[in-house]
Q: 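A single structure is presented below for examination.
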Protein chains: 2
Amino acid sequence: MDDDAPVTAAPVPPSAGSARERARATFTADLLAAARRQVAEVGAAQLSLRGVARELGVASSAVYRYVDSRDALLTLLLIEAFDDGGAACETAFARARAAGASAGETWIAVARAFRAWATEHRHAYELAYGTPVPGYVAPQDTVSHATRVWGVLGRVIVAAAADGDLAPLVPPADVRGLVSPAVLEFAGSLADDGRAAPGTDAEEGVVRSVVLFDALVGAVSTELFGHLHGVTTDADRLFDVTIAAAATGVGLVLRPAA
Amino acid sequence: MDDDAPVTAAPVPPSAGSARERARATFTADLLAAARRQVAEVGAAQLSLRGVARELGVASSAVYRYVDSRDALLTLLLIEAFDDGGAACETAFARARAAGASAGETWIAVARAFRAWATEHRHAYELAYGTPVPGYVAPQDTVSHATRVWGVLGRVIVAAAADGDLAPLVPPADVRGLVSPAVLEFAGSLADDGRAAPGTDAEEGVVRSVVLFDALVGAVSTELFGHLHGVTTDADRLFDVTIAAAATGVGLVLRPAA
DNA sequence: TCCGCAATGTGAGCGGTGCTCTTGACACGT
DNA sequence: ACGTGTCAAGAGCACCGCTCACATTGCGGA
């Protein structure tokens, strides 16, 4: 009631911009929320622009004023998903390290956080880490968000190297030339103190991160996609064992905090 | 030309059954072939009954005479996919063992075969091991086909135990009560000579198989779904390293054949 | 103050989808 | 030779993504 004030009133109530810009912002937010809700209910592949329009009580064509296409909407949700999962891993990492956890313990904490996020946001996980939506290719804007999880895993390896918790690979693997230069550069920027631990091979570190990533996505995907259905009586514990085995596989020593 | 013979002729030319039954069988086969082709081209989620009807030069409604629904058709293709992937693993296993390969070498051969199959039949892999098709729940008939890969991985572990190539898990994992009884029974049936190697814990063996399975699906999925895009310059070698790390993680010793 | 423009919402419409149901033709077994 | 039952066809329903011409409305400049 207070909002439709006299003619020239209220130039900048809470947010900036003209009334139109504010309306646009709030409607866009509502649209994204509705889309998020719909993805959570029926999955990304079933996301329907007409459906969100219905939910918003608006003509289906109106949605196209705010979003280029269904794919563009999917891209927004995909970025959100990557950011959400990445943030979950990042806070788990930070919290574990702040609590003095060893690199191995940190890896387990990160993996658990990732799995918890995936379980709670099943469809967001599917969107980000499941089968690519058919006919849809993720634009370049998404990769920077997708790398957040990678960054955390890389820092786990860096921390392990710094703490002396990184055993040699068994059997020794020749990783020379395996990693693309751009990724090597990205990996080089991960060490907190600006310098990698002595004797650490950056290329081998990236390979270890890849193995951890594969194990993580593999464990979560098989569980969420039903391939472990009826296999175990305690999925939580099985996940922990799986994740621990992955650590051992990359030479990440699992020891309690010092 | 020879087929549309005179009125009462040719009771049982090559296959059995009446002319109607034979026609039905061949048409069903054609239908499946067309569906297979379409899945290979555009993916399972884009499989269109109208599309296969078009390809067969038939009305879309006619397809429903031969298949209950789009989902039923998907089920047939899903079973095919599981069988195909399972067969690839089985022949790789048999071939490696026949050549005297160690359990570790056999694991690598199986993993490579699985990856090769997945790469060649991308959409079949997606159908079987990717995000479940939304709104579609795989019927019970599919599980027996899905277990073929599991059987191979289980036999890898059994072989390793028999050959003394199975190191204890590091760190030791308490796997008591982790595995469902039905799966334990299935695992018990895998030993070729009818008896598990002495000192082998069946439950722990299943857990090792799960870890291998997760690593396999994880490695293939991340690669096929684009998460390793631009990371490596040699995906084949990276896969091998990943698979070797998984073996080490479950205590599967990688040694050359005796 | 008023006018023109741009942003916005609408609804019809196009071509596509899965699926159902009626209708008519054909082949089969008796 | 004839009933019976299988079959393909096509219309139709409800949904989808997307486009476009059309009103409306709010904004900024004259």
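Proteins get letters first, then strands, A, B, ... in listed order; numbering begins at 1 in each.
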Q: B/Glu55 pairs by salt bridge (charged side-chain N to carboxylate O under 4.0 Å, His left out) with which of B/Arg37, B/Arg50, B/Arg36?
A: B/Arg37
Q: Of the options D/dA9, C/dT8, D/dT19, whose atoms approach the side-chain atoms of A/Arg65 most closely?
A: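 Ranking D/dA9, C/dT8, D/dT19 by closest atom to the A/Arg65 side chain puts C/dT8 first.
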Q: Do you know the tightest heavy-atom contact between B/His145 and B/Asp83?
A: CD2-OD2, 2.9 Å
Q: Could you check whether any side-chain N or O of B/Ser180 sits under 3.5 Å from a backbone N or O of A/Val231, counting only pairs where one atom can act as donor and the other as acceptor?
A: yes
Q: Tabulate atom names and distances for all N/O pairs under 3.5 angstrom spanning the protein and nucleotides 13-17 of chain C.
A:
| from | atom 1 | to | atom 2 | distance (Å) |
| --- | --- | --- | --- | --- |
| C/dG13 | O6 | A/Arg50 | NH2 | 3.3 |
| C/dT17 | OP1 | B/Arg54 | NH2 | 3.0 |

Q: Does a nitrogen or oxygen in the side chain of A/Tyr66 sit under 4.0 Å from OP1 or OP2 of C/dG9?
A: yes
Q: Could you tell me which residues satisfy salt bridge (Lys or Arg N to Asp or Glu O under 4.0 Å) with A/Arg95, sequence neighbours excluded, listed by chain and number?
A: none
Q: I'd like to check the salt bridge (Lys or Arg N to Asp or Glu O under 4.0 Å) partners of B/Asp236; sequence neighbours left out, ordered by chain and number.
A: B/Arg115
Q: Among residues 24-35 of chain B, which contact DNA chain C at a heavy-atom distance under 4.0 Å?
A: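 Close to the strand, none.
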Q: Collect all protein-nucleotide pairs involving nucleotides 27-30 of chain D in which both atoms are nitrogen or oxygen and the distance is under 3.5 Å.
A:
| from | atom 1 | to | atom 2 | distance (Å) |
| --- | --- | --- | --- | --- |
| D/dC27 | OP1 | A/Ala19 | N | 3.4 |
| D/dC27 | OP1 | A/Arg20 | N | 3.4 |

Q: If every non-hydrogen atom of A/Trp107 is compared with every non-hydrogen atom of A/Ile243, which pair is closest and at what distance?
A: NE1-O, 3.0 Å
Q: If you check every side-chain atom of A/Tyr64, which of D/dT19, C/dT22, C/dT8 has the closest atom?
A: D/dT19
Q: Could you check whether the rings of A/Trp117 and A/Tyr125 sit parallel, tilted or perpendicular, using 30° and 60° as the cut-offs?
A: perpendicular
Q: Given atom CG of A/Leu56 and atom P of C/dT10, what is their separation to the nearest angstrom?
A: 11 Å
Q: So, taking the atom named CZ in A/Arg70 and the one named OG1 in A/Thr75, what distance separates them when rounded to the nearest 0.5 Å?
A: 10.5 Å
Q: In terms of heavy-atom contacts, does CZ of A/Arg122 have more than 12 from other residues, nucleotides or ligands at under 6.0 Å?
A: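 Check passes, neighbour count above 12.
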Q: For B/Asp84, which residues count as a salt bridge (Lys or Arg N to Asp or Glu O under 4.0 Å) partner, sequence neighbours excluded?
A: none
